[in-house]
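See structure below.
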Amino acid sequence: MRITGLLVLALASSTAITSNPALAQTETEAKDDALTYPKTKTVDVIEEQFGESIADPYRWLENDVREDADVAAWVAAQNAVTDSYLATLEGREPLAASMTALFDYDEIEPPVEAGGKYFFERKSGGQNQAILYVMDGKDGEERVLIDPANWSDDGATALAEWKPSEDGSLLAYAVQDGGSDWRTLKVINVVTGEVMKDTVEWVKFSDLAWMPGNSGFLYSRFPEPEEGEAFQSLNKNHTIYVHVLGSEQSRDIKVYATPDQPELSHTATVTSDKQWVVITSSSGTDDRYEITLVKVDANEINPRKLVTGFDHNWSLIDGVGDTLYFMTNMDAPRLRVMKTDVSAEVPEWVEVVPEHMATIDDAVLVGDILAVDYIDDAKSRLELFALDGSPKGVVDLPGLGQVKNLDGSAKRDAGYFAFESFNRPATIYSFGDAGQPTAWAKPDIPFDPESITVSQRFYESKDGTKIPMFLVHKKDLDLSEGAPTLLYGYGGFNISVLPGYSAPKMAWIEAGGVYASANLRGGGEYGKAWHDGGRLQNKQNVFDDFIAAGEYLIAEGITRKNGLAIEGRSNGGLLVGAVMNQRPDLFTTGHAAVGVMDMLRFDRFTAGRYWVDDYGYPNKEADFRKLLTYSPYHNIKDGTDYPALIVSTADTDDRVVPGHSFKYTARLQALNTGEKPHLIRIETRAGHGSGKPTDKLIEEYSDIYGFMADAIGLEIAD
């Protein structure tokens with residue numbers, strides 16, 4: 001089910017940032033006889049910031065749709081218009097049928113071993129949510145442990161994080177409802193299948209870690225929000241607790257908190273030998289951490305700092321007794337592996353694996369082997385090392401793609417990982433010190449991967465920087481006159497966009513389209529310098545990289561002019577909104593999903609305060625002025641023909657609150673931005689994206705890809 005679901009600034013030019021209050025009530029008339037948008041009321045909100053008058057007449061659309069009847073009515077009116085338009089598109093049903101077929105395979109995650117039991121998730125074709133299975137022994141018979149199918153009528157309640165106890169007899173798990181970031185924790189007896197009475201609420205951004213002897217588990221939570229504020233209020237005072245098994249949550253023991261620094265977030269893990277609790281603290285999204293240790297068998301909780309200063313990335317790999325192994329970018333922008341003896345009065349850091357030309361993405365211990373996953377020109381390479389750092393060989397990966405969910409332990413002699421690419425869903429492999437992987441689970445897929453071509457190109461951005469881009473299409477596709485092309489990008493938060501399978505994108509490819517994925521600056525593909533090159537005062541580089549990708553696709557004849565669609569999610573939704581403003585002539589259509597659209601107010605809601613590491617502080621003048629040059633909401637060009645655009649969001653998105661998309665769409669519809677459709681699609685109980693059931697994914701992407709296919713002439717055959 002969906003609920004069917006706009007800012008007034010008089011802008012003197014494409015980058016004007018001031019407004020004329022007298023014009024703040026004029027942008028409400030429908031601009032196109034063929035497509036009449038709902039009228040959106042305006043409010044008299046004008047604020048002075050650093051000498052500029054900033055009007056925000058759609059401020060009321062920031063209110064929670066579940067709490068504000070006016071917002072709910074606006075959402076319903078918008079979705080009525082969107083549904084009516086989408087119903088005219090011939091490609092939706094064939095796309096939905098294609099996606100349904102392409103989802104028809106077993107999507108499996110690598111197993112986790114505990115006490116001789118093997119736990120793994122699998123979602124088969126037609127299932128909305130993954131099921132958690134357990135096997136008694138590597139070759140044991142699998143049985144269902146947790147099936148979320150009956151948790152809700154709409155399939156939108158999902159199994160999120162989970163962790164078995166050391167002996168495999170118990171398992172703590174998180175329930176995610178309606179796509180929200182909030183979690184409820186429960187415990188199940190693995191042997192009997194009985195769900196225990198333990199319940200922990202208001203958990204968010206948390207790891208799970210069992211204490212020895214199954215006495216309890218560590219988790220992170222925020223204070224319970226005020227009534228009606230769960231999906232809006234800022235998240236502060238993150239705290240680590242131990243839940244004592246069999247007791248009420250009110251009796252949980254506080255392990256670590258920083259009330260004098262309420263903006264910090266904390267997660268806790270326990271080394272595989274149960275010697276140390278390792279607490280990682282951060283203030284934002286910039287991978288700069290402090291590390292705090294708690295000795296597991298100590299008589300009292302006595303945290304001590306191992307790393308202070310929030311200067312570098314420190315990610316625990318594992319521990320062997322008092323020797324802890326970390327990945328870090330200290331004096332190594334593309335990361336290295338270091339170890340330290342924490343029993344020393346002053347622990348010293350020793351390099352184990354030095355920095356490489358490729359970027360370290362992940363690492364695990366597997367017995368006495370160190371497995372390091374590198375990103376090498378936006379694709380994975382997996383290497384093995386002895387614990388002294390001496391090379392032990394390269395794991396033979398089955399082609400161009402990415403390693404995901406690398407798993408291992410100093411207590412086990414086998415590790416696991418998933419490997420996938422644009423044309424191959426994940427196959428699960430096991431590996432040891434021999435370096436040759438063995439397929440543990442391989443899905444039967446409903447198409448021939450050899451019929452799909454995956455290639456990599458490099459193109460120049462505006463400043464001459466070489467940017468990688470993957471191209472995916474049917475092997476027999478005739479590109480002599482260019483083909484309708486969907487270009488995807490993200491470019492932020494040190495997140496690397498690597499080759500991965502997507503049934504909706506494969507449906508686009510099977511229909512005869514090209515899919516392109518550009519590895520923009522701001523991501524983590526080439527380490528810290530690549531991230532820094534696309535954030536804060538350098539954020540415009542991300543947009544330039546994406547624009548250059550579009551220009552390259554047209555110049556090379558891969559697509560034709562008027563044949564280019566673009567897509568981005570979250571920070572990528574910001575990307576789509578920004579480049580639509582900057583180059584409306586280049587793109588023909590676009591999808592801005594759950595985007596950050598108001599760059600002057602992003603830090604005032606839920607998790608938005610973390611993002612200042614990438615975007616800057618709206619209350620600091622230098623950052624404010626930079627943000628205002630690209631904020632999608634503030635830079636829509638009146639009197640300019642805009643590409644066809646579909647915005648998508650969800651009422652329960654408590655990561656990027658839907659008010660961003662509401663306000664942006666309102667203004668885009670109200671100003672004179674041409675006759676092409678500018679629609680918003682608002683989902684119910686779908687959140688930011690995780691935990692979304694398969695049927696909702698098919699419905700959503702057949703709508704969105706049908707919209708973009710119609711705009712650029714991709715014919716979808718029945």
Side-chain angles (χ1 to χ4, degrees), residues 105-114 116-125 130-135 137-142 162 164 272 317-318 327 337 353 358-386 391-450 452 454 470 496 498-503 506:
Y105 69 97
D106 284 349
E107 184 178 350
I108 307 174
E109 299 294 333
V112 174
E113 189 273 333
K117 295 180 174 63
Y118 288 76
F119 302 82
F120 64 95
E121 287 186 57
R122 181 172 67 224
K123 182 167 70 172
S124 300
I131 296 173
L132 180 63
Y133 295 84
V134 62
M135 298 190 309
K138 186 179 295 186
D139 301 316
E141 184 176 348
E142 68 181 46
W162 50 267
S272 60
I317 299 171
D318 204 348
M327 298 180 294
V337 175
V353 178
T359 303
I360 294 178
D361 189 47
D362 200 0
V364 297
L365 293 187
V366 181
D368 58 0
I369 294 296
L370 178 63
V372 181
D373 175 25
Y374 289 97
I375 300 175
D376 190 356
D377 281 336
K379 50 192 180 294
S380 291
R381 188 176 78 248
L382 187 58
E383 295 193 19
L384 304 181
F385 300 86
K392 298 281 288 185
V394 177
V395 176
D396 186 16
L397 298 178
L400 179 155
Q402 71 164 310
V403 168
K404 295 177 62 178
N405 301 324
L406 182 64
D407 182 68
S409 163
K411 297 185 67 177
R412 303 199 303 266
D413 59 5
Y416 293 87
F417 64 89
F419 184 86
E420 66 177 275
S421 189
F422 295 110
N423 62 339
R424 296 180 187 274
T427 294
I428 310 304
Y429 291 91
S430 64
F431 71 100
D433 58 5
Q436 297 308 308
T438 300
W440 185 81
K442 186 175 183 179
D444 292 326
I445 56 178
F447 66 95
D448 178 10
E450 299 303 325
I452 308 298
V454 179
F470 291 100
S496 302
L498 306 183
Y501 178 74
S502 161
M506 185 54 65

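Quick note: residue numbers are just sequence positions, from 1.
- The ring-ring contact (aromatic ring centres under 6.0 Å, His included) check on Tyr105 picks up Tyr501, with sequence neighbours excluded.
- For the pair Tyr429 and Pro398, the tightest heavy-atom approach, listed with the atom from each and the gap, is OH-CG, 3.5 Å.
- Annotation: side chain of Glu109 is in contact with side chain of Asn405 (closest heavy-atom distance under 4.5 Å).
- Within the 4.5 Å cutoff, side-chain heavy atoms of Pro111 are placed close to those of Ile428.
- Less than 6.0 angstrom separates the ring centroid of Phe417 from the ring centroid of Phe431.
- To the nearest 0.5 angstrom, Tyr118 atom OH is 15.0 Å from Glu142 atom CD.
- Partners of Phe419 according to the ring-ring contact (aromatic ring centres under 6.0 Å, His included) rule, which considers only residues two or more places apart in sequence or in another chain, do not exist here.
- Between Ser421 atom OG and Leu498 atom CG the span is 10.0 Å, to the nearest 0.5 Å.
- The structure places CZ of Phe120 at 14.0 Å from CD of Glu113, a figure rounded to the nearest 0.5 Å.
- Note on residues 392-409: pairs passing salt bridge (Lys or Arg N to Asp or Glu O under 4.0 Å), not counting sequence neighbours, are Lys404-Glu420, Asp407-Arg412.
- Under the side-chain hydrogen bond (donor to acceptor under 3.5 Å, both in side chains) criterion, Glu121 pairs with Trp162, sequence neighbours left out.
- Surrounding CG of Asp413 are at most 12 heavy atoms belonging to other residues, nucleotides or ligands under 6.0 Å away.
- Distance check: Arg122 CZ to Ile131 CD1 gives 7.5 Å after rounding to the nearest 0.5 Å.
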Let me have the donor-acceptor pairs involving side chains of residues 359-386, under 3.5 Å, with sequence neighbours excluded, atom names and distances please.
| residue | atom | partner | partner atom | Å |
| --- | --- | --- | --- | --- |
| Thr359 | OG1 | Glu525 | O | 3.2 |
| Thr359 | OG1 | Gly527 | N | 3.3 |
| Asp376 | OD2 | Arg381 | NH1 | 2.6 |
| Asp377 | OD1 | Tyr526 | OH | 2.6 |
| Lys379 | NZ | Gln456 | OE1 | 3.1 |
| Ser380 | OG | Val403 | N | 2.8 |
| Arg381 | NE | Glu383 | OE2 | 2.7 |
| Arg381 | NH2 | His356 | NE2 | 3.3 |
| Arg381 | NH2 | Glu383 | OE2 | 3.0 |

Distance-only donor-acceptor pairs under 3.5 Å for side chains of residues 433-449, two or more places apart:
| residue | atom | partner | partner atom | Å |
| --- | --- | --- | --- | --- |
| Asp448 | OD1 | Glu450 | N | 3.0 |

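- Considering every non-hydrogen atom in both Phe470 and Pro499, the closest pair reads CZ-CG, 3.8 Å.
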